[in-house]
Amino acid sequence: RRMSTNGIRRPPFEILFHDGDLIALSKPANVLSTPGREMRIKPVSRADEWATAISELCLLKRQQLTTEVYDNAMEVLRNQAKVVPRQKPKFLAFLERVAKIKDQFVKEQIWDDLTKLDSDLHAVDTSSLPSELYSAADFARDVCGQSIHHVHRLDQETSGLILFAKSTLAASELARQFRDREV
């Protein structure tokens, strides 16, 4: 996957391991592990971004041929966008409880459609970030082409191995391993 940098020089990260669950990088000294919050303040809250993604998905699906069950779910999501959970298990339970959807395939399809659209709408564009603000997490996200989960951090001055999970499940397992000092 080719990453556009608009001619900006990036820190030299080395990919040590990459599979379906995680990516391990060699982080050089004097490079951020994760994006600095003060440099990326968004004027819109994450809850508002999620509500926007729900609204956009409703509009998109209204223009397509979908099942009645899917259409009803879209209506429920649109009407309750501010309280729709952003974690998959809670989201699926919400669809079953509030939208009365029992079909697991339909619930999973709605989750997949919504999270992909949300990611597309609200991805951070790192192509124009100055090199001093480009973090290991930015590099991992750019390489993976998806959102990643921070498992641990290294101080900016510290070089070493840093891991990022590619799913919530992998992040939970790695966090447990760190907590139990297995890693």
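Position 1 is the first residue of the sequence; numbering continues from there.
We find the OG-NE2 distance between Ser167 and His149 to be 6.0 Å, quoted to the nearest 0.5 Å. How far CZ of Arg141 is from NZ of Lys166: 14.0 Å, rounded to the nearest 0.5 Å. Here the CG atom belonging to Asp112 is positioned 12.5 Å from the CG atom belonging to Leu117, to the nearest 0.5 angstrom.
Ala175 and Val151 get closest at one heavy-atom pair: N-CG1, 4.2 Å. Taking both residues in full, the closest heavy atoms of Leu154 and Leu161 are given as CD1-O, 3.6 Å, listed atom of the first, atom of the second, then distance. Across every non-hydrogen atom of Ala136 and Ile162, the tightest pair is CB-CG2, 4.2 Å. Of all the heavy atoms in Ser159 and Ala29, the pair that sits closest is CB-N, 3.5 Å. Taking every heavy atom of both residues into account, Ala73 and Ala99 meet most closely at CA-CB, 4.3 Å.
At least one side-chain heavy atom of Tyr70 sits less than 4.5 Å from a side-chain heavy atom of Asp113. A heavy-atom distance below 4.5 Å is found between the side chains of Phe164 and His150. Here the side chains of Leu92 and Lys88 are in contact, with some heavy-atom distance below 4.5 Å. Looking at Thr168 and Gln87, their side chains never come closer than 4.5 Å, going by heavy atoms from C-beta outward. The shortest side-chain heavy-atom distance between Val143 and His18 falls under the 4.5 Å cut-off. Under the 4.5 Å side-chain criterion, counting only non-hydrogen atoms from C-beta, Ile15 is in contact with Phe139.
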Apply side chain to side chain donor-acceptor pair (under 3.5 Å) to the pair Ser135 and Asp138, showing each step before the final yes or no. CA-CA 5 Å; Ser135 70; Asp138 292 325; 3.2 Å; yes
Working note: Leu163 + Phe17, criterion side chain to side chain contact (heavy atoms under 4.5 Å, CB included); need CA distance, chi angles, decisive distance, verdict. CA-CA 9 Å; Leu163 299 172; Phe17 181 80; over 6 Å; no
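Surrounding CZ of Arg78 are more than 12 heavy atoms belonging to other residues, nucleotides or ligands, all under 6.0 Å away. Atom CD of Glu182 is surrounded by more than 12 heavy atoms from other residues, nucleotides or ligands within 6.0 Å.
The closest donor-acceptor contact from the side chain of Asp103 to the backbone of Phe105 lies under 3.5 Å.
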I'd like a table of donor-acceptor pairs (distance under 3.5 Å, sequence neighbours excluded) in which one partner is a side-chain atom from residues 20-28, with atom names and distances.
from  : atom 1 : to     : atom 2 : distance (Å)
Lys27 : NZ     : Val31  : O      : 2.8
Lys27 : NZ     : Asp155 : O      : 3.4
Lys27 : NZ     : Gln156 : O      : 3.3
Lys27 : NZ     : Thr158 : O      : 2.6

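A tilted orientation is assigned to the rings of Phe91 and Trp111, their planes being inclined by 30° to 60°.
For Glu173, the side-chain hydrogen bond (donor to acceptor under 3.5 Å, both in side chains) partners two or more places apart in sequence, or in a different chain, are Arg176, Gln177.
Under the side-chain contact (heavy atoms from CB on, under 4.5 Å) test applied with Met74, the options Asn79, Leu114, Ile54, Leu57 reduce to a single match, Leu57.
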